[in-house]
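Side chains are part of it too, since the values below use all heavy atoms of this structure and drop only hydrogens, waters and symmetry mates. Not measured: the values here are computed from a predicted model. The sequence lines fix the lettering, A, B, ..., with proteins before strands; numbering per chain opens at 1.
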There are 2 protein chains.
Amino acid sequence: MPVTIRDVAKAAGVSITTVSRAFNGYDDVGPDTRKRILKVAKELNYRPSHVARSLVLQQTQNIGLLISDFNANRGAHHFLFDVMAGVHDRLSSLGYDVTLVSTTTARQRLVSYIDFCTERRLEGVIVMGMRLDDPYMQEVAEAKLPSVGIDLPILSRYCGYVMTDNVNGAKLGMQHLLAKGHRRIGFVNGYQKAAVSVDRLRGYQLALESAGIESDPDLIVHSNFLVEGGEVATELLLSRVPDLSAIFYASDLMAIGGMRYLHRVGKRIPEDVAVVGYDNVDVGEWSAPALTTVSQRRYDMGVYAADMLIGMLQRNEEPGGRLLPSELVIRQST
Amino acid sequence: MPVTIRDVAKAAGVSITTVSRAFNGYDDVGPDTRKRILKVAKELNYRPSHVARSLVLQQTQNIGLLISDFNANRGAHHFLFDVMAGVHDRLSSLGYDVTLVSTTTARQRLVSYIDFCTERRLEGVIVMGMRLDDPYMQEVAEAKLPSVGIDLPILSRYCGYVMTDNVNGAKLGMQHLLAKGHRRIGFVNGYQKAAVSVDRLRGYQLALESAGIESDPDLIVHSNFLVEGGEVATELLLSRVPDLSAIFYASDLMAIGGMRYLHRVGKRIPEDVAVVGYDNVDVGEWSAPALTTVSQRRYDMGVYAADMLIGMLQRNEEPGGRLLPSELVIRQST
DNA sequence: TTGACAATCCAAAACGTTTTCGGTAATTTA
DNA sequence: TAAATTACCGAAAACGTTTTGGATTGTCAA
């Protein structure tokens, strides 16, 4: 049905070889024949088949964007969508296609994620929304397929990552709180198994340490990065240590939940307890009071992940671990 | 590099024809040969090339997910991510791949959106985040490529759509406000050019009409669906008609912005002015007060769009316009 | 015994490109 | 004028599958 290179060759009275060369900018085709071929091609609405091209060239220019469990990760759209945008913008500007992959897809089809990718001859994968203890993670790390993870600090021959410098980010948030004079500072962390969680905890403790304050285990509680989680975590925290004067949350969403609880029990923010979040997600700007937070360059993470992957593919650079600096965004909650 | 059908044929001592048939479940291959072939294939880690398959079958099982301007649409992630999830979940469970397409991509490469799709032999497209007056829209509507739009009520031989029943949705929100006794109700609409805007305006007016209230143009103002827009729109609205007792916003984000302004000028919600939004986006649950809103089934919109497209492709059904009902979610802002 | 009929298998063409290796004609050089 | 070079073009193989149209057995009924 679609018009092929043979059609335009016939119409232009040349061989398919010449058409191919004219299209790919070779210099051994006469200027008038080239013009004629291009004109004929335009008239016929010829579009070279990417799949035929992929077959003979043995490269698809197609890279996968793996979102662990798409449906289950819907709550994380505040983070994931921006990363996606960065990945796609960069990749497509470099001439690559990006196809969506989800672990659920693979499970339904009863093929492993890596089988899915090799069947489609994907040249690489960018992985996000996955936890370190996800059973798929091992597959990703051990695969020969070049990949780069977002917030997944796993390094191997074919696997790099980009993430925020979470220990310094957390330190930044804490230093701000400490500078305001707070001494009893609660910390609501995310999943214990999330890579970012261990780093943010480190940053929290380091900041306390260099301020000469001993870390109190009662002040630390784990949750799930989401609003409801932040709410119950805050309740727990306040019941354990009622005299805290500030809380540092490992995500803006949890901070929102926390503030909701604090409002409910009549605590004023920031007078009674100061709050800082993590992520710099749009919701934080709209909350009352507007949320002080540690910003994460989500879009850039996507861009850099794309760059690293392409570096591996085109200039076979070694994969590495790229850390993006965080920045403190001070608003009304502190 | 990757192992081909020829490799497994050789290793199993049969022809490639037989391997192909064994893999595709034909019945004219002996039970023992089949077992041997499958075993050998597993040992060699053979994965049939999707691209070779696409070439000979003349179908790629690949459909495009077009997001108008990915980067510019980042603010709409609250809506788009869920739709994406629905589209991808359904499409992948039906054996289709989905590749991301953006109008920016096409522009960079200097090929039209439709050229991009035919080069890759995409079998159909789902379009979202696009405005009716987008220059690309004409291309979409006129193309021979099967497509279905999200919130883009354009119907043609190859183009269907799915969207929320916005006029009834808006009526629902308004009836709630009217039942609460409000008579002077402001309406903050989205872009005038957005398809959903004209429907929601209709619903607003219809509701007033059947309540016997005359529509006052001063009570209607257009904005951009986003928080800041809602804020300035509310200021404008209040300056024009200070005695209004309720405001209906065409998006939750604008409602959030509106509430922010109302708080700033000392109006209590809902005592002084009641607020209802549209979308039922997560932020609305977290705001103070929690936002009454008209829900939109975002994930389902994606699912239904996928179903409609596949119906066109596999059972060549006529494209149609599918309207999803809205539901009122009553919370504390009314 | 012989044809018919299953049951298995295979060779080759096709899908739409790119690329290698030449080939022909025109132009330059000796 | 002959040889060498240049400019332009084409035939054919290759990429990894599927499918068509037989071919080769063995089995069974007549």
Side-chain angles (χ1 to χ4, degrees), chain A residues 1-38 40-41 44-62 95 97 111 115 117-123, chain B residues 1-38 40-41 44-62 95 97 111 115 117-123:
Chain A
M1 201 61 187
V3 27
T4 77
I5 198 177
R6 214 173 308 271
D7 298 325
V8 357
K10 195 161 299 176
V14 294
S15 76
I16 61 171
T17 309
T18 308
V19 177
S20 174
R21 287 220 272 261
F23 256 79
N24 294 318
Y26 284 68
D27 57 353
D28 62 344
V29 33
D32 39 349
T33 14
R34 158 170 283 127
K35 251 174 258 155
R36 180 160 35 98
I37 289 174
L38 260 30
V40 166
L44 295 184
N45 238 304
Y46 167 68
R47 282 288 137 193
S49 161
H50 187 75
V51 352
R53 202 158 204 283
S54 296
L55 183 60
V56 56
L57 257 21
Q58 291 287 81
Q59 48 169 324
T60 56
Q61 301 267 99
N62 196 343
D97 292 352
V111 298
D115 288 343
C117 293
T118 56
E119 273 185 8
R120 279 146 192 82
R121 302 300 190 258
L122 301 185
E123 301 186 7
Chain B
M1 201 62 187
V3 26
T4 76
I5 199 176
R6 216 173 307 271
D7 298 325
V8 357
K10 196 161 298 175
V14 294
S15 76
I16 62 170
T17 309
T18 308
V19 177
S20 174
R21 310 189 91 107
F23 256 79
N24 294 318
Y26 284 69
D27 57 352
D28 62 344
V29 35
D32 41 346
T33 12
R34 156 167 287 128
K35 253 174 256 158
R36 180 159 37 97
I37 289 174
L38 260 30
V40 166
L44 295 183
N45 238 304
Y46 167 67
R47 280 291 137 190
S49 161
H50 188 76
V51 352
R53 200 158 205 283
S54 296
L55 183 60
V56 56
L57 256 21
Q58 291 287 80
Q59 48 169 327
T60 56
Q61 301 268 97
N62 196 342
D97 292 351
V111 298
D115 287 344
C117 292
T118 57
E119 274 185 7
R120 277 145 193 83
R121 302 300 191 258
L122 300 185
E123 302 187 5

Whole Å only: how far is the [atom1] atom of [X] from the [atom2] atom of [N]?
| X | N | atom1 | atom2 | result |
| --- | --- | --- | --- | --- |
| R6(A) | dT17(C) | CZ | C1' | 9 Å |
| L55(A) | dA14(C) | CG | P | 17 Å |
| I5(B) | dC15(C) | CD1 | C1' | 15 Å |
| L57(A) | dA14(D) | CG | P | 17 Å |
| D27(B) | dC9(C) | CG | C1' | 13 Å |
| R121(A) | dT17(C) | CZ | C1' | 17 Å |
| D7(A) | dT17(C) | CG | C1' | 13 Å |
| K35(A) | dC9(D) | NZ | P | 13 Å |

Indicate, with a heavy-atom threshold strictly under 4.0 Å, whether [X] touches base, sugar-phosphate, or nothing.
| X | value |
| --- | --- |
| Y46(B) | sugar-phosphate |
| R47(A) | sugar-phosphate |
| V56(B) | base |

Might you list the N or O atoms of the protein lying below 3.5 Å from N or O atoms in nucleotides 21-28 of chain D, with each pair's distance?
none

Side chain of [X] (C-beta onward), nearest among [options]:
| X | options | result |
| --- | --- | --- |
| T18(B) | dC9(C), dT17(D), dG16(C) | dC9(C) |
| V14(A) | dG10(D), dT17(D), dC15(D) | dG10(D) |
| R53(A) | dC9(D), dT17(D), dT17(C) | dT17(C) |

Please determine whether a side-chain nitrogen or oxygen atom of [X] lies at a distance below 4.0 Å from atom OP1 or OP2 of [N].
| X | N | answer |
| --- | --- | --- |
| Y26(A) | dT19(C) | yes |
| T33(A) | dC9(D) | yes |
| S15(B) | dC10(C) | yes |
| S20(A) | dT18(C) | yes |
| Q59(A) | dC15(D) | no |

Notebook entry, point to check: Does P2(B) reach the side chain of R121(A), with side-chain heavy atoms less than 4.5 Å apart?
Noted result: yes
Checklist line | Angle of first-five versus last-five pair axes in the helix from dT1(C)-dA30(D) to dA30(C)-dT1(D), to 10 degrees | finding: 60°
Note to self: On DNA chain C, compare the nucleotides closest to I16(A) and G30(B); which residue's is nearer the 5' end?
What the structure shows: G30(B)
Next item on the list: Test N62(B) against H50(B) for side chain to side chain contact (heavy atoms under 4.5 Å, CB included), laying out the working first.
Entry: CA-CA 11 Å; N62(B) 196 342; H50(B) 188 76; 5.8 Å; no
Next item on the list: Would you check, one step at a time, whether the test side chain to side chain contact (heavy atoms under 4.5 Å, CB included) holds for R21(B) with D28(B)?
Entry: CA-CA 8 Å; R21(B) 310 189 91 107; D28(B) 62 344; 3.1 Å; yes
Would the distance check show the side chain of [X] and the main-chain N or O of [Y] forming a donor-acceptor pair, the cut-off being under 3.5 Å?
| X | Y | result |
| --- | --- | --- |
| R34(A) | D27(A) | no |
| R36(B) | A12(B) | yes |
| E119(B) | P48(A) | no |

Next item on the list: Could you verify whether a donor N or O on one side chain and an acceptor N or O on the other, from S15(B) and T18(B), lie under 3.5 Å apart?
Entry: yes
